Amino acid sequence: MAESGVTLPPVHRREELARTWTRSAISSSYIPRSADDIEALLLELVDELLAMLGAEPFSKSSGVRLGHRLISEGFIDPTTLTATITALSDGLLADLDATPDTELAKRTMSLLGAVSAGYADGLRSYTLTQQEEVKQALFNAVLRAEHNLRGTENRFREVFASSANGIAITNLEGMCLEANPALAGILNVRADRLPGRTLTDIFRDEASGDVMAPYRRILSGQQERVHEHRRLRKEDGEIAWVLFAISLLRDGAGAPAYFVTMAQDVTELHLLQDRLGHQLLYDALTGLANRQCFQTKLESAVERATPDSSFTLCCLDLDAFSLVNNSFGHAVGDRLLQTVGRRLEEAVSNETALVARMGGDEFAVLIEDSEKTPDIGELIDTLTSVLEDPEYIDGVGVAVGASVGAVRRQAADHLTAAELFRAADTALRKAKATGRRQWAGFHEAEDRAAVELDRLAASLPAAWENGDLAAAFQPVVRLSDREVVGARAVLSWAAADHETTLALAERTGWSVHIGPLLLREACRLFATSPGLLRVQLTRNQSGDADLVRAVRGALRDSGMSAGRLEVSLDVGALLDEVGDARDNLEVLGDIGVQVGLCGVTGGPLDFELLHQTGVRSVTLSPKLGAGSPVLAAETARTVEVFGRFGAVASVVDVATVEAADWWASTGVATGQGGVFGTR
């Protein structure tokens, strides 16, 4: 990982990329150098490209210099640029499907676009230099004509006829006197049909510009020479992009005599630049706008909106799309994505709308609302219903549903494009949390709470690093006589309580990291204290493959005996066989650690698990208790059943003395919670 946070290709593949680039360059054109020299040069350029991609701040201007260098090193055939862009984009983005990195893709395409622009500019300069040399040769030939007219004429004819650039010599009124075969080839006309025709007739400007304007500027002395691009229509109706160099030849007395127009066909290079530009803004698979294009157009729509206008933005995520790829193959999955894109466009064809593929199986729809735009519920029903009908691909009928997040806002609300998109994305996450094929709208109050939780979740690692988040203890109290018999390890943080902190860590996956840290610190701090240390794990922590190693390390570093540590695994993780949860339970018992179950509700599966594992310590879910007569009676019965299995019950989050008394009356042995304070 580079300092910029962009995932770069592995260093060991730099040589492989250079070899691929070398083979593509050699096979596409002739380069007057040995293959070893070319590979050494391209390896150096690969290193420069990698450095440019990882630089902070990133700047695509370095790519322009690299494009210039390709010209200076002799890569002057435009087909070489096509081979170069193909080899570099394939090599640099080879791992994008396995490890998606939109920043790397954006930087790569931006940098390759700059390389293309630099190559075009360098090739233009190279061509203009050649053109200037030819022009000078023509002029010198005229001067030497007095001394060796026949020899000069022969040399001129050779240069004129064999030049790869088109050349037209005209009088000052713009009538063609001579034209070489190269110009006839560019215009797709016979060379003998050009003399006698005017420049306006020969160079039919597709933009209907004034063809003679640059010639008049040169003749009037406003400019010495003119270089310009023109989009011409050839004799057969085809379009050609041509780079013109126009200059004036004078006679022996210095008076204007002729115009010389030199032309280079750069159509292929222009089309390549257009293709690269399209790839930067549109998804190659579906043809829809990509994320960058969508965000740009969203910003533009928001900026030009009138105060009384409104927008509807929908973010869609296909449900279980991976099942299609896994069962039918990626070719079927790709064709289904194309179908989804086409159907979404058809669904909003009557609206001023933009459909985009944001990446993977995520799509977005932006609608500039009008009087005919339906309400959000009806709109989402339309979008999701068009996806329900199966698409038959190679005889296989496949279809997917979608979860949708939607937001509709007035321009007068002054939401930025980024805020509007975040609101729709937040609604999508809410919809996905409620199950498949759901949709949700955006609610500001809920969003503020969600943003605060997200902020806390993202700040967990830093809070632990700077000491704001630390290990602490709750007393484990025997409920019958209120005697302290041990302690429960908890996370202490001013921003949130222990349970909330663990829930946030579970959301981000950081719980697997904080679990061993809490375990090690708790053992270190508790080693010299009397009683039992209880550590209760979350679902992800219970299935962690490194849990046993973390327990061994914590006991070894603290010097605490295994029998004084009780590790309680999440009962749901064991029942669902998450990760290594089952193995962890067995191995921890084998090394002498007391093993318990936490999050227990007392259902039949809990009892069966207790019977299978022989665990003798259970911590009841805080959802149980005296909330109602029925629940109280069932909880008491559950504690009694656990007793028959020889299991000792405990409870967390005991908030009042009355609650402690009630739990004691049911037969629960120990409790932890705010009523007993902290250590």
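Numbering of residues begins at 1 and proceeds along the displayed sequence. This one's a predicted model, so the numbers in the text were calculated from it and none came from an experiment.
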Exercise. Evaluate the criterion side chain to side chain contact (heavy atoms under 4.5 Å, CB included) for residue pair Phe321 and Leu337; output intermediate values, then yes/no.
Key: CA-CA 9 Å; Phe321 177 73; Leu337 288 174; 3.5 Å; yes
Quiz item: Would Leu336 and Phe328 satisfy side chain to side chain contact (heavy atoms under 4.5 Å, CB included), going step by step from the backbone distance to the final call?
Solution: CA-CA 11 Å; Leu336 183 58; Phe328 299 111; over 6 Å; no
Quiz prompt | Candidate pair Met262 and Ile167, rule side chain to side chain contact (heavy atoms under 4.5 Å, CB included), full reasoning | solution = CA-CA 5 Å; Met262 305 189 73; Ile167 303 174; 3.9 Å; yes
Practice problem: Before giving the answer on salt bridge (Lys or Arg N to Asp or Glu O under 4.0 Å), spell out for Arg343 and Glu391 the whole-Å C-alpha distance, their side-chain angles and the decisive distance to 0.1 Å. | Solution: CA-CA 11 Å; Arg343 289 183 179 181; Glu391 173 77 357; 3.2 Å; yes
Self-check item: Verdict with supporting geometry, Ile367 and Asp369, side chain to side chain contact (heavy atoms under 4.5 Å, CB included)
Solution: CA-CA 6 Å; Ile367 297 176; Asp369 298 332; 3.7 Å; yes
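Remark: Tyr215 engages Phe259 in a ring-ring contact (aromatic ring centres under 6.0 Å, His included) (not counting sequence neighbours). A search for salt bridge (Lys or Arg N to Asp or Glu O under 4.0 Å) contacts involving Asp361 returns nothing, not counting sequence neighbours. Qualifying salt bridge (Lys or Arg N to Asp or Glu O under 4.0 Å) partners for Glu345, counting only residues two or more places apart in sequence or in other chains: none. Evaluation of the side chain to side chain donor-acceptor pair (under 3.5 Å) rule for Asp425 yields no partner, not counting sequence neighbours. Remark: Ser349 pairs with no residue by the side chain to side chain donor-acceptor pair (under 3.5 Å) rule, at least two apart or across chains. Evaluation of the ring-ring contact (aromatic ring centres under 6.0 Å, His included) rule for Phe244 yields Phe203 as partners, not counting sequence neighbours. Under the side chain to side chain donor-acceptor pair (under 3.5 Å) criterion, Ser125 pairs with no residue, sequence neighbours left out. In terms of the salt bridge (Lys or Arg N to Asp or Glu O under 4.0 Å) criterion, residue partners of Arg69 (sequence neighbours excluded) are, by chain and number, Glu44, Glu48, Glu73. By the side-chain contact (heavy atoms from CB on, under 4.5 Å) test, Ala213 is found to be paired with Asp210, Arg216, Arg217, residues two or more places apart in sequence or in another chain being considered.
When side chains are defined from C-beta on, Trp21 counts as touching Leu45, because their heavy atoms get closer than 4.5 Å. Within the 4.5 Å cutoff, the side chain of Tyr119 has no heavy atoms near those of the Ile85 side chain. The side-chain heavy atoms of Leu387 and Leu318, taken from C-beta on, include a pair separated by under 4.5 Å. Cys315 has its side chain within reach of Phe421: a pair of non-hydrogen atoms, C-beta onward, lies under 4.5 Å apart. Residues Glu351 and Ser370 meet the side-chain proximity criterion, which asks for heavy atoms closer than 4.5 Å. When side chains are defined from C-beta on, Phe294 counts as touching Leu313, because their heavy atoms get closer than 4.5 Å.
Considering CG of Leu50 and CG of Leu17, their distance stands at 7.5 Å, rounded to 0.5 Å. The distance from the CZ atom of Arg14 to the CG atom of Leu43 is 4.0 Å, given to the nearest 0.5 Å. One finds the CG atom of Leu70 at 6.5 Å from the CZ atom of Phe75 (value rounded to the nearest 0.5 Å). For the atom pair CG of Asp265 and CG of Leu183, the computed distance is 10.5 Å after rounding to the nearest 0.5 Å. The distance from the CG atom of Leu66 to the CD1 atom of Ile71 is 11.5 Å, given to the nearest 0.5 Å. Taking CG from Leu187 and CZ from Arg193, the interatomic distance works out to 11.0 Å, rounded to the nearest 0.5 Å.
Salt-bridge formation is detected for the pair Arg107/Glu56: a Lys NZ or Arg NE/NH1/NH2 atom is positioned less than 4.0 Å from an Asp or Glu carboxylate oxygen.
Between Asn325 and Gly333 the shortest heavy-atom distance is OD1-CA, 3.3 Å. The two atoms that bring Ala182 and Asn165 nearest to each other are CB-O, 3.5 Å, heavy atoms only. When all heavy atoms of Leu172 and Pro256 are compared, the closest pair comes out as CD1-O, 3.7 Å. Across all their heavy atoms, Cys293 and Asn290 have their closest contact at N-OD1, 2.9 Å. When all heavy atoms are compared, the tightest approach of Ser59 to Leu111 is O-CD1, 4.5 Å. Residues Phe311 and Ala305 approach most closely at CZ-CB, 3.4 Å, considering heavy atoms.
Between the side chain of Asp251 and the backbone N or O of Ala257 there is no donor-acceptor pair closer than 3.5 Å. Remark: the backbone N or O of Leu366 is not paired with any side-chain donor or acceptor of Lys297 at under 3.5 angstrom. The closest donor-acceptor contact from the side chain of Ser24 to the backbone of Thr20 lies under 3.5 Å. A side-chain donor-acceptor contact under 3.5 Å links Glu419 to the backbone of Thr416. Listed for the Ser300 side chain is no donor-acceptor partner under 3.5 Å among the backbone atoms of Thr296.
The local environment of CD in Glu224 is sparse, with at most 12 non-hydrogen atoms from other residues, nucleotides or ligands closer than 6.0 Å.
In summary, the side chains of Ser309 and Glu368 do not present any donor paired with an acceptor at a separation below 3.5 Å, with no hydrogens or angles considered.
Annotation: salt bridge (charged side-chain N to carboxylate O under 4.0 Å, His left out) contacts involving residues 179-191, sequence neighbours excluded, comprise Arg190-Asp192. For residues 329-338, every residue pair satisfying the side chain to side chain donor-acceptor pair (under 3.5 Å) rule, not counting sequence neighbours, is listed here: Arg335-Asp394. Each salt bridge (charged side-chain N to carboxylate O under 4.0 Å, His left out) pair with one or both residues in residues 118-131, not counting sequence neighbours, appears once here: Asp121-Arg124.
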